[in-house]
Amino acid sequence: MPVLPAVRQALAAYIEACPHPLPATGPLFVGVRGDRLNDRVARLAMQTLRQLLGLPDTATPHALRHSFATHLLGGGADLRAIQDLLGHASLSTTQRYTDVDAEQLLSVYETAHPRARRGGPRS
């Protein structure tokens with residue numbers, strides 16, 4: 001799977017700085033004992049960062065996951081690839097991210113793009 005250079009660099013820096021040994025295969029984010037990072041640890045870290053940065057309570061690890069998946073999907077990523085990245089066992093779980101209100105998207109598009117207005121000038 002292609003990875004942006006900035007992501008590759010960030011991952012390399014993380015791997016180099018990670019105080020815990022990382023197995024060749026397995027989870028990338030691990031806890032003190034080398035096991036998969038506990039979701040509670042991630043939530044607490046996000047809560048601390050949210051408070052420090054003055055972010056709303058809606059800025060959660062789940063919101064980041066959802067934004068990540070939605071962004072990939074909006075960029076044309078394959079649903080199966082997104083399924084793999086999110087670690088979903090079932091494709092139907094991943095398909096929830098496709099449940100975006102088309103009318104709302106159209107409204108945002110029409111507001112943001114001057115030539116997108118219905119009945120407006122076309123070039």
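If you read the sequence from its start, that first residue is 1, and numbering goes on from there.
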Distance check, rounded to the nearest 0.5 Å: [X] atom [atom1] versus [Y] atom [atom2]?
X     : Y     : atom1 : atom2 : answer
Thr93 : Ile82 : OG1   : CD1   : 13.5 Å
Thr94 : Asp78 : OG1   : CG    : 10.5 Å
Leu22 : Glu16 : CG    : CD    : 12.0 Å

Pairs involving residues 4-42, ordered by first then second residue, that meet ring-ring contact (aromatic ring centres under 6.0 Å, His included) (sequence neighbours left out)
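Qualifying pairs, neighbours excluded: Tyr14-Phe29.
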Can you list every pair that meets ring-ring contact (aromatic ring centres under 6.0 Å, His included) and has a residue in residues 30-67, with sequence neighbours left out?
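Counting only pairs at least two positions apart or across chains, the ring-ring contact (aromatic ring centres under 6.0 Å, His included) contacts touching residues 30-67 are His66-Tyr97.
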Show the atom names and distances, to 0.1 Å, of all donor-acceptor pairs under 3.5 Å that link a side chain in residues 36-56 to residues at least two apart or in another chain.
{"from": "Asn38", "atom 1": "OD1", "to": "Arg40", "atom 2": "N", "distance (Å)": "2.6"}
{"from": "Asp39", "atom 1": "OD2", "to": "Arg43", "atom 2": "NH1", "distance (Å)": "3.1"}
{"from": "Thr48", "atom 1": "OG1", "to": "Leu44", "atom 2": "O", "distance (Å)": "3.1"}
{"from": "Arg50", "atom 1": "NH1", "to": "Ala59", "atom 2": "O", "distance (Å)": "2.8"}

Within a strict 4.5 Å, meaning less than it, do heavy atoms of the Leu79 and Leu91 side chains meet?
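Yes, their side chains come closer than 4.5 Å.
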Find out whether Ile15 and Leu28 are in side-chain contact, i.e. whether some heavy atom of one side chain is under 4.5 Å from a heavy atom of the other.
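The answer is yes, as the side chains (C-beta and beyond) meet within the 4.5 Å cut-off.
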When you measure from the side chain of Gln83 to the backbone of His88, do you find a donor-acceptor pair of N or O atoms at a distance under 3.5 Å?
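Confirmed, Gln83 side chain pairs with His88 backbone.
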Linking I/L/V/M/F/W/Y whenever their side-chain heavy atoms sit closer than 4.5 Å, directly or via other members, would Leu86 and Leu64 fall into one cluster?
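Not linked; separate clusters.
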